[in-house]
Every structure is written in structure tokens, then in C-alpha cells.
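Only one structure is covered here, and it is reproduced in the block below.
Everything numeric in this text was worked out from a predicted model, so none of it was measured.
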Amino acid sequence: QEVNQRIDSINETCVKTFGGVSVRYAYLSQRGYYPDDPHKANQDSYSITHNFIGRESDAFFGVYDGHGRDGDKCAQFVRDQLPPLTASAVKKELENEMK
């Protein structure tokens with residue numbers, strides 16, 4: 001029971017087609033066991049971005065593993081910032097290739 005309370009997961013796998021390739025994915029994260037702090041936040045995070053950079057054939061999957069006192073906040077910050085920053089960089093590179 002106690003272990004199950006520390007698990008964050010999807011109920012069933014997802015299937016999505018990207019550029020003619022069918023991808024099946026899921027997520028599961030288990031918060032660490034801290035006897036001195038049983039309510040410590042899960043320090044892991046993830047992101048899934050379909051239609052990455054506006055392309056149906058692309059997706060962005062990220063797993064962020066936080067550590068330390070503020071590991072949860074670090075993982076959440078990277079989860080929120082990395083996909084749009086990566087999208088911006090990829091778009092810029094694609095534009096440069098077209099020149």
C-alpha cells in the first residue's frame with residue numbers, strides 16, 4: 001500500500017503514429033523512500049509533446065531526474081523550459097537550412 005502511494009503512472013499505454021511509425025509509450029515514476037520525510041515530493045518529472053515544432057511526424061519525450069533538496073523544483077523547471085527552448089532551436093536550424 002505505502003509503495004503504491006509513491007507511484008505516478010499512466011493507466012494504459014498510449015499509441016501514436018509519427019511519420020508513419022507507430023510508437024507505444026507509457027510512464028511510471030516511483031518517489032523515493034525517505035523514512036525521515038514520508039511526504040517528500042517526487043523529484044522526477046517527464047514531458048510529452050506531440051506535434052513537436054508544428055509537425056505531426058515529430059514528438060518530444062523528456063525524462064527529468066531531480067536530486068537534492070530542491071530536486072523536484074529543478075526537474076519541474078527543466079520540464080517546463082526545455083521543450084520550448086529545444087523547439088525554438090530546432091526551428092531556427094531548419095530555417096537556416098532552407099537559406
Side-chain angles (χ1 to χ4, degrees):
Q1 176 73 4
E2 189 271 331
V3 171
N4 288 337
Q5 293 174 348
R6 295 188 284 129
I7 293 176
D8 174 29
S9 68
I10 193 167
N11 291 331
E12 57 187 52
T13 60
C14 295
V15 178
K16 186 85 172 159
T17 302
F18 303 101
V21 176
S22 188
V23 177
R24 180 185 304 264
Y25 63 90
Y27 66 86
L28 181 139
S29 179
Q30 180 177 326
R31 180 178 56 83
Y33 176 67
Y34 303 94
D36 296 337
D37 190 359
H39 301 292
K40 185 172 183 174
N42 188 343
Q43 295 187 325
D44 301 336
S45 195
Y46 69 92
S47 65
I48 301 167
T49 307
H50 297 140
N51 300 324
F52 188 64
I53 65 168
R55 298 166 105 176
E56 287 186 22
S57 62
D58 293 342
F60 182 93
F61 295 86
V63 177
Y64 316 103
D65 186 13
H67 292 268
R69 183 175 49 100
D70 293 318
D72 58 323
K73 293 176 184 73
C74 292
Q76 292 165 9
F77 176 82
V78 176
R79 176 201 64 205
D80 295 342
Q81 299 299 315
L82 186 61
L85 288 172
T86 303
S88 178
V90 169
K91 284 180 186 178
K92 185 180 272 187
E93 185 62 30
L94 290 173
E95 290 170 2
N96 288 339
E97 287 178 6
M98 297 231 183
K99 290 182 182 178

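Distance check: F18 CZ to R55 CZ gives 13.5 Å after rounding to the nearest 0.5 Å. Distance check, rounded to the nearest 0.5 Å: CD of E93 to CE of M98 gives 11.5 Å. The CD1 atom of I53 sits 7.0 Å away from the NZ atom of K91 when rounded to the nearest 0.5 Å. Distance check, rounded to the nearest 0.5 Å: CD1 of I7 to CZ of R31 gives 10.5 Å.
Between the S88 side chain and the P84 main chain, no donor and acceptor come within less than 3.5 Å of each other.
Taking 4.5 Å as the limit, every side-chain heavy atom of T17 sits out of range of all side-chain heavy atoms of V23. Looking only at side-chain heavy atoms (C-beta outward), E95 and V90 stay at 4.5 Å or farther from each other.
Hydrophobic cluster membership differs between Y27 and V78, with clusters built from Ile, Leu, Val, Met, Phe, Trp and Tyr side chains linked at under 4.5 angstrom.
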* Check the pair Y25, K16 against side chain to side chain contact (heavy atoms under 4.5 Å, CB included), reporting the backbone distance first and the verdict last. => CA-CA 8 Å; Y25 63 90; K16 186 85 172 159; 4.3 Å; yes
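Checking N42 against S29 by side-chain atom types alone, a donor-acceptor pair falls below 3.5 Å.
Nearest heavy-atom pair, C14 versus I10, reported as atom, atom and distance to 0.1 Å: SG-CD1, 3.3 Å. Taking each heavy atom of S22 and V15 in turn, the nearest pair found is OG-CG1, 3.3 Å.
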May I have the list of side-chain donor-acceptor pairs in residues 57-77 shorter than 3.5 Å, sequence neighbours left out?
| unit_1 | atom_1 | unit_2 | atom_2 | d |
| --- | --- | --- | --- | --- |
| Y64 | OH | S47 | OG | 2.7 |
| D65 | OD2 | H67 | NE2 | 3.2 |

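More than 12 heavy-atom neighbours from other residues, nucleotides or ligands sit within 6.0 angstrom of CD on E97. Within 6.0 Å of CD in E56 there are 12 or fewer heavy atoms belonging to other residues, nucleotides or ligands.
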